[in-house]
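Labels below follow one simple rule: chain letters A, B, ... track the order of the sequence lines, proteins then strands, and each chain is numbered from 1. Reckoned from all heavy atoms, side chains included, excluding hydrogens, waters and symmetry mates.
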Number of protein chains: 2
Amino acid sequence: MTLTELKYIVTLAQERHFRRAAERCFVSQPTLSVAIKKLEDELDVTIFERNRSDVRVTMAGERIVSQARKVLEEAELVKQIALEGKGQINLPLRVGAIFTVGPYLFPHLIRNIKPIAPEMPLILEENYTGVLRQKLRNGELDAIIISLPFEEPDVEIQDLYDEPFEVLIPAEHPLAKQEKVTRKQLEKENILMLGEGHCFRDQVLNACPGILKHSDETSLPQGTSLETLRHMVASGLGITILPSSSSDKHIYDSDTLVERPFAGKTPYRRVSLVWRKRFSRPKAIAALVQAITSCALQGAASV
Amino acid sequence: MTLTELKYIVTLAQERHFRRAAERCFVSQPTLSVAIKKLEDELDVTIFERNRSDVRVTMAGERIVSQARKVLEEAELVKQIALEGKGQINLPLRVGAIFTVGPYLFPHLIRNIKPIAPEMPLILEENYTGVLRQKLRNGELDAIIISLPFEEPDVEIQDLYDEPFEVLIPAEHPLAKQEKVTRKQLEKENILMLGEGHCFRDQVLNACPGILKHSDETSLPQGTSLETLRHMVASGLGITILPSSSSDKHIYDSDTLVERPFAGKTPYRRVSLVWRKRFSRPKAIAALVQAITSCALQGAASV
DNA sequence: TGCTTGCAATGGCCTTATGCTATCGTGTAA
DNA sequence: TTACACGATAGCATAAGGCCATTGCAAGCA
C-alpha cells in the first residue's frame, strides 16, 4: 500500500471513470488500472465494481476510500508542517546562559528578539558553564551563552560582547570616595566571591590574583549569585567585583552602594554564544545573535 | 514522500540509531540512511541531527515525526477496514423487493438472517419490478427480490420459492362454501386487481385469462396493494386472488374472509433473487438466499 | 601515539516497481 | 454492420529501492 495508490482510489472514487481519474492523477489509464488492481489484491477487497458503462464504489470500498482520504490529508499535513519547520525561526529555541549573564541579559533578549523572530519562543535556562556544555552536547539545549575561555569540539562560537568588571562598595566605605579602585587596594579588603563552578569567580581571581589568599584567610561566605553578593555588600560584609551588566538596575540607591571602575587596565570578560556545528537552524542562531548584540548592554562593548 | 519513508523516520526517531532502526524496519543501514536523506531533501528540512555519538531529532523533526506517526496510524486503519470489508457480511446490504413480496417476506427475512449474518443490517425497499431493475443496475440496490419472468443482462438469478395463488372470498359469498374454486367460476365474479405495474397483476391475468374482460366492464377500482385488495374484498366489493404468503396472518378472521385454493392446476409465481454479476459480496448474497429459503413461507414451495 | 571499534555515508550493482505505448475484448450507439 | 468508448492486458523502459562492500570519521583503548 502506497500513498500513490491511495490517491488513485480516492480520485477514482470521485471520478468513477478510469481515464478521467488517470488524467487527474497525471498518469495513463493502464497505470491507474494496474495500480488499483494491485491495491485491491493486496487488501483482498473489491473496492470498485467495474462495469462497461459505469465504475461504482462498493460498500467496503466506500469505507476504505474514506479512510484513504484521511491518510492523504494527514500526509498533506506532513508537508505543511515541514514547510513551517523550514522557516527555522517559528519554533521554540532552547537557550541556556551562565548564572552571571542570564538574569541581566534575558530581559533584554526577550524584548529584542520579538521583532526579529516573533514566532520563536525562547526556552531559557540558567546554569553553570559545565552543565550548559553538557546539555548543549546532548541536545537538551540549542545554544548557550557563556563566557570565554570555552573549549568544546564540534561547536561554533560567536563572540557577543566584552563586559568590563567594576567594584561594588558600600557607600560609607573609604574606597567609595575614590573615582577608581586599584587592584592593590582590593587586596586589603574583604572581597566577597561567588562559589566554585561560577566561571565569573575564576575570571575575577584571574583579573586580581592577589585577593584569593586574603579571602581564604577570613573564610568569607561564598555568594550563590551576584544579587546575593550585592545584598551582602550592602549589609557591610565586604566589597565585591561585578560585571557591569549586573548593575543595570537594582534595588539599592547610591546612598547605599556605589560602583567604581578599576584603575589601570580594566578587567573584562568576553561573552559568547555557542551552538553545535550541525545544529540545523542557522537562521534561528542568527536571530539570536542579532537580538543579543542589539541589546546595547550598559557598559558592554560589542565585538 | 512514501509511507515507507514515514515509517523509517518514526522508527529512527524512536531508536535514535541508524543500524538499530534499519534492523527494526528489516532493511540495511544504507537503505535507511538514503531513504531518510531523500525525505529530508524532499521536505527540505533537517529532521535528524547526526552526530558520531548520537542521532537526535530536531525541533522541526519532532513535529514531522509525530505527524508521520499519525499518517501511519491512519494507513494502518485502511488495512483494518479492508480486513473487515473482506468478511462481506458485516456491512449493510441494500435489498429491494416487489410490493407483493416485501411486506410478507421482510419480517421473516429479518428474523432469519440475524443468526446467519448478525453484522449485516439490511436496507430494505419495496417497489415495482421496473424500478427495482433500474436501481439494481445503477448500484442503488445490491439485490432485488422479484417474480419471474425477469430478463436483464449481467445479472445472476437465483430462484427462491414457488408460491401458489389462492382466491380470497367474503365468508358470506356462495363460493366460500366450496372447497376449491374453478377458473370458470371466477369469470363471473368481480375480481379486484392490483394496478398496472404490479407484476402480480400480470401473473393473475395470465393464470386466469377470462377475468380481464369482465373486470374492465364493471370498471372496478384498482388496488394499490394486496392489503388494500383484502380490505375491499372484506367490504364486499368483490373477490380477489392473492399469493399464499400474503394470507400468513392478517386482521380478518374466517367469519369475514376465507381463502380457497384453485381447482385444477394451481397457478403460482416463482420468486427469485437477482444481483449484478460483478457484485463483490457473494457471501452476502449467499447469506440472503439462505435466510430467505429457510423462511418456510406458508404455502410456499422451495425450489 | 597507533590500533581498533562503531557509526553513518557513499559507491556500485541488482531487482522490483512503476510508468509508458500499443493493443485487445467487449459492450453501446449510430 | 461499423465505429466508438472503456477498462484490461502485454511488452518494454526507466526509476526507485534494495543490498553488499567500502569509506571516512570520531572515540576509546592499549
Side-chain angles (χ1 to χ4, degrees), chain A residues 1-9 11-43 46-58 61 133-134 137-139 151-155 276-278 280, chain B residues 1-9 11-43 46-58 61 134 137-139 151-155 276-280:
Chain A
M1 186 170 60
T2 70
L3 288 174
T4 313
E5 285 163 358
L6 296 183
K7 192 183 69 183
Y8 288 167
I9 63 171
T11 310
L12 182 56
Q14 271 178 25
E15 293 291 339
R16 297 162 51 118
H17 191 283
F18 275 74
R19 190 180 47 72
R20 282 201 304 275
E23 266 171 30
R24 273 193 41 196
C25 293
F26 306 107
V27 294
S28 67
Q29 169 263 314
T31 298
L32 190 78
S33 275
V34 170
I36 299 276
K37 192 164 169 46
K38 176 169 164 289
L39 183 60
E40 284 183 330
D41 286 350
E42 179 184 341
L43 298 180
T46 305
I47 302 172
F48 298 98
E49 194 178 310
R50 289 100 158 143
N51 212 317
R52 30 227 95 271
S53 59
D54 203 6
V55 173
R56 270 194 301 275
V57 186
T58 64
R133 175 203 311 276
Q134 193 56 39
R137 189 184 306 177
N138 68 26
E151 291 294 328
E152 172 81 2
D154 296 324
V155 299
R276 293 183 301 279
K277 241 178 202 144
R278 292 183 175 77
S280 55
Chain B
M1 186 170 63
T2 69
L3 288 173
T4 313
E5 284 164 359
L6 295 183
K7 191 183 69 184
Y8 289 167
I9 64 170
T11 310
L12 181 56
Q14 271 179 25
E15 293 291 338
R16 294 160 52 113
H17 191 284
F18 275 75
R19 190 179 47 72
R20 281 201 304 276
E23 266 172 29
R24 273 194 40 196
C25 293
F26 306 106
V27 293
S28 68
Q29 169 264 314
T31 298
L32 190 78
S33 277
V34 170
I36 299 276
K37 191 164 170 46
K38 174 168 164 290
L39 184 59
E40 285 183 329
D41 286 350
E42 178 184 339
L43 298 181
T46 305
I47 301 173
F48 298 98
E49 194 179 309
R50 289 99 157 147
N51 211 317
R52 51 221 98 277
S53 59
D54 203 7
V55 173
R56 270 194 300 277
V57 187
T58 64
Q134 192 56 38
R137 188 183 307 177
N138 68 25
E151 290 295 327
E152 171 82 1
D154 295 323
V155 299
R276 293 183 301 279
K277 241 178 201 144
R278 291 182 175 79
F279 183 57
S280 55

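Closest of all the heavy-atom pairs between Met1(B) and Glu5(B) is CA-OE1, 3.3 Å. Pairing each heavy atom of Leu32(A) with each of Phe18(A), the nearest pair is CD2-O, 3.3 Å. When all heavy atoms of Ala35(A) and Tyr8(A) are compared, the closest pair comes out as CB-CD1, 3.3 Å. For the residue pair Glu40(B) and Arg50(B), the shortest heavy atom distance occurs at OE1-NH1, 2.8 Å. Of all the heavy atoms in Leu39(B) and Leu6(B), the pair that sits closest is CD2-CD2, 4.3 Å.
Rounded to an integer number of Å, the gap from NZ of Lys37(B) to P of dT10(C) is 6 Å. The distance from atom CZ of Arg50(B) to atom C1' of dT10(C) is 13 Å, rounded to the nearest whole Å. Look at CD1 on Ile36(B): it is 14 Å from P on dT10(C), rounded to the nearest Å. Put simply, CE on Met1(B) is 13 Å from P on dG17(D), counting in whole angstrom units. Spacing between atom CG of Leu32(B) and atom P of dC7(C) amounts to 14 Å, rounded to whole angstrom units. If you take NZ of Lys7(A) and C1' of dG19(C), they are 13 Å apart, rounded to a whole angstrom. A straight line from CG of Leu39(B) to C1' of dG17(D) spans 14 Å, rounded to a whole angstrom.
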Polar-atom pairs under 3.5 Å, protein N or O versus N or O of nucleotides 16-18 of chain C: list them with distances, or write none.
unit_1	atom_1	unit_2	atom_2	d
dT18(C)	OP2	Lys38(A)	NZ	3.4

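Side chain of Thr58(B) to main chain of Ile47(B): a donor-acceptor pair is present (N/O by atom type, distance under 3.5 Å, no hydrogens or angles).
Atom CG of Asp41(B) is separated from atom OG1 of Thr46(B) by 9.0 Å, given to the nearest 0.5 angstrom.
Between Ser33(A) and dA8(D) there is a side-chain N or O to OP1 or OP2 distance below 4.0 Å.
Taking 4.5 Å as the limit, some side-chain heavy atom of Ile9(B) sits within range of a side-chain heavy atom of Ile36(B).
At a cut-off of 3.5 Å, with distance as the only test, no side-chain donor of Thr11(A) or Glu15(A) sits close to an acceptor on the other residue.
Scanning residues 17-30 of chain A for heavy-atom distances under 4.0 Å to DNA chain C yields Phe26(A), Val27(A), Ser28(A), Pro30(A).
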